[in-house]
Amino acid sequence: MVTATVHIVDDDTSFRTAVARLLKASGFDVESYSGSQELLDRVPDGPGCILLDQNMPGLSGLELQDRLLQLAPLMPIIFLSGAGSVSTSVRAMKAGADDFLEKPASSADLLAAVRRAVARGEAQRLEQDKLNLLQAVFKSLTPREVQVFKQMVRGRLNKQIAFDLATSERTIKAHRHKVMEKLHARSLAEAISIADKLGLLGPPD
Amino acid sequence: MCKIYYKIRLRLSAIACMAIACFALMDGSEAASQNRVPRVLILYPYDERIPATSIAGQSVRTHLMDATDGKIDLFTEFLDLARFPQSAHIDRMSRYLSEKYVDHRPDVVITLGEEATRFMNTHGRRIAPDARIVYGGFDRETAAELDLPTSAVGAVSEFDVEKTVALAMRLQPDAKRLVVMVGSSSFDQRWLRTAKVGLADIEKTLETTYVTGFSIDEFAEQASQLPDDTVLVVLTIMRDRNGRNLAPRTALERITAVANVPVYGPYSTYIGSGAVGANSVTFESVGEAIAKLSLEIIAGRDVADIDVQPRYLVDARQMQRWGFAESNLPPNTIVSFSKPSVFDEFFPQVMTVLAFILAQSVVIIALVFERRRRGRAEREARNRLHELIHLNQSATAGALSASIAHELNQPLGAILINAETAEQLLRNETPDLSLIRQILIDIQDADRRAGDMIGRMKGLLKKRSEIDWQEFDLNNVVKSAAQILQADIARKKVRLEIAHHDRALLVRADQVHIQQVVLNLATNAIDAMQEFPVADKRLKFETSLDAVSGKVEFAISDTGGGIATENLTSVFDAFYTTKAKGTGLGLSIARAIIEIYGGRIWADNHPQGGAIFRFALPHAGGG
């Protein structure tokens with residue numbers, strides 16, 4: 001299994017060092033940044049999470065979070081703040097922060113939050129991988145097969161689909177078989193679930 | 001070798017000298033115990049108010065003390081015979097003195113004047129049987145009458161009333177009349193008899209009147225109504241018709257004050273009291289002669305009577321008053337008060353100066369009271385100000401509490417995590433001891449940092465009623481304020497720039513107060529930028545030394561909206577505020593603080609926008 005990396009952004013060297021040391025001792029890889037700009041210069045990727053100090057020179061934690069959601073949407077963010085107020089923590093959480101810890105946080109709380117975030121990030125990453133795969137597969141479908149797939153996951157019968165597409169019921173059956181094969185779907189229920197993940201179950205076109 | 005020998009000789013001779021000195025001392029002290037200090041009794045006939053005997057007595061005393069270097073026992077008795085002439089009193093005095101001096105019989109008794117001499121002649125055997133009498137203050141004729149023992153010696157003086165009249169005749173050649181005033185006491189009446197004898201010849205040329213048996217007021221009234229061509233001689237008035245006792249000089253003064261003709265008298269003490277002149281011995285010289293005789297007697301030498309020579313004496317001021325020329329005076333006349341005293345010459349000026357000094361004193365006294373009152377008021381105002389400064393400090397501390405908490409939480413957070421990490425590391429089978437050591441060092445550092453921060457805060461919160469005067473570098477205060485503000489500045493996205501003067505800028509003040517001012521100005525500047533939408537928020541601290549004024553300056557500039565020109569001075573007034581939640585006291589307190597330390601604070605606008613606040617304080621470094 002790949003080691004998760006925790007990215008610590010804090011302008012306070014002693015605090016950063018302490019946290020880095022704790023995380024290393026707990027088996028994480030650690031990257032340290034003394035400010036927002038430093039992090040933006042080499043946007044992190046891969047398994048792990050970001051520990052973000054709220055008060056920093058330059059971009060504040062919240063602003064950095066906004067940017068990161070665009071640049072590295074899969075990196076969970078934990079806020080660490082000495083002067084955390086309710087409003088900033090709510091904003092942070094709404095914007096998708098994983099956690100909001102107040103200094104001085106105990107190492108147990110900090111580790112728990114990091115582990116949670118890393119795990120969630122990992123799960124998210126896995127989900128994303130699956131989705132990426134599905135999307136690739138989806139792209140391998142012929143336009144006709146896409147048409148059939150979209151109709152069938154809405155529960156329409158072969159007869160109805162053949163009528164809509166002005167073709168024979170046998171042809172639709174063959175397309176349908178091909179789609180199921182490409183998507184590795186063993187049942188209609190599975191095909192519907194895939195369609196849902198691909199965002200095809202919105203309102204009818 | 002030779003030198004050493006010389007040194008030894010020197011030392012030996014020194015020892016010999018010391019030994020001789022010791023013997024001499026012993027000898028001296030033995031002599032002193034055998035020959036005790038001589039005792040001299042000075043007998044005054046009257047009380048201390050009579051200048052003639054007082055002056056003579058003082059002169060005796062001074063000369064005796066000087067000549068014996070103080071090694072003499074002087075006793076003084078006032079017989080007060082003018083006021084108590086009764087024989088009962090004389091007897092009482094005699095008994096009293098004989099008993100008083102029973103163990104201290106005087107070796108010499110000095111009698112000043114005729115009456116004291118007479119008293120001693122009668123009662124001397126009782127008071128001081130073995131004493132030599134030295135008398136003075138009267139003439140040889142009187143002395144002969146007294147039938148004194150042959151052992152008595154005197155400094156006799158001739159009071160020559162004819163010579164006094166002769167002096168008057170020289171000054172008033174056109175005089176037709178002579179008026180002689182004399183009192184009612186037996187002493188006065190003796191004078192009357194003496195004068196009548198002495199002036200017998202003069203009566204042939206001048207119409208002479210002897211005025212006696214009057215009250216002092218009647219004497220004065222008479223003197224004020226005399227014809228112009230009158231020579232007025234006042235002998236002595238020791239008692240008037242009403243039995244009132246007077247010092248002769250006092251009586252004379254009463255008369256000269258109102259007399260419409262010049263006044264003459266036979267005594268030196270009359271000079272300076274309004275009399276024009278006298279032929280007299282001075283009482284100082286009588287005293288000196290008596291002292292001389294006494295010393296001869298003490299020394300065991302044979303002595304005879306001394307004549308104290310009379311002189312012509314005049315008062316220059318009176319000469320001038322009556323328009324007499326000094327050229328008319330007999331040769332060798334002693335002219336007193338010839339040079340007007342500074343006081344006389346510059347009377348108006350002296351009075352002006354005195355009045356000025358008096359006025360000044362009054363003002364000074366008033367100022368002292370005022371100063372006390374003001375001191376109290378100032379103390380009270382100072383206490384109030386301290387109270388206000390403290391409140392403002394607390395408010396600043398409150399406003400900065402979030403920043404302070406953040407600042408403090410950094411090291412505290414680091415400490416907690418470091419400690420817990422160390423604990424976790426120790427649970428390993430092979431703990432990384434060097435890492436744990438590093439952790440412990442970091443914990444200590446963080447703890448020290450937290451301590452420093454608390455120290456910086458303490459000043460802001462501590463309540464003090466006295467100014468804690470210190471000499472410190474303004475740069476350090478600015479640095480420390482920047483550290484306190486750091487988190488606040490970061491949160492509000494302000495960029496702080498500090499431009500320090502390259503050398504220490506020493507000022508003498510309460511460091512916490514100055515820090516307070518810097519924090520006040522800084523928080524104001526930060527707020528100004530917050531309320532005014534600017535993309536680039538810059539705060540600049542700058543310290544400098546003004547070479548011309550020798551003052552230390554601090555400037556804080558922001559990139560906010562600046563101050564409306566008409567408000568540049570009123571911003572320092574109390575209750576001026578642009579903030580919704582402001583008290584309007586921060587800047588007025590800042591001004592009060594700066595002024596306490598002899599400084600100045602002012603505001604300005606930056607040409608590129610934003611405000612600049614500056615204060616200047618006296619430089620304690622002195623160059």
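Reminder, nothing fancy here: chain letters follow the sequence lines and each chain counts from 1.
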Legend entry - Reported CD1-to-CG distance for the pair B:I439 and B:L425, which is rounded to 0.5 angstrom: 5.0 Å
Inset, instruction - Measure distances from A:A25 to the heavy atoms of chain B and classify the residue's part below 4.5 Å as side chain, backbone, both or neither. - result: both
Inset, instruction - Give a yes-or-no answer on whether the side chains of A:Q160 and A:D164 include a donor-acceptor pair shorter than 3.5 Å. - result: no
Inset, instruction - Identify whether the distance between the nearest side-chain nitrogen and carboxylate oxygen of B:D445 and B:R448 falls below 4.0 Å. - result: yes
Inset, instruction - Measure distances from B:I415 to the heavy atoms of chain A and classify the residue's part below 4.5 Å as side chain, backbone, both or neither. - result: neither
Legend entry - Proximal component of B:D442, with respect to chain A [non-hydrogen, under 4.5 Å]: side chain
Legend entry - Side chains of B:N428 and B:T430, donor plus acceptor under 3.5 Å: no
Inset, instruction - Check each atom of A:L111 against the heavy atoms of chain B and say whether the ones under 4.5 Å are side chain, backbone, both or neither. - result: side chain
Legend entry - B:D558 side chain vs B:L539 backbone, donor-acceptor pair below 3.5 Å: no
Inset, instruction - Specify which of B:L416, B:L412, B:T421 makes the most heavy-atom pairs with chain A at under 4.5 Å. - result: B:T421
Inset, instruction - Counting only heavy atoms closer than 4.5 Å, note whether B:R495 contacts chain A via side chain, backbone, both or neither. - result: neither
Legend entry - Side-chain (A:D53) to main-chain (A:V9) donor-acceptor, under 3.5 angstrom: no
Legend entry - Contacting moiety of A:T17, where chain B heavy atoms sit under 4.5 Å: side chain
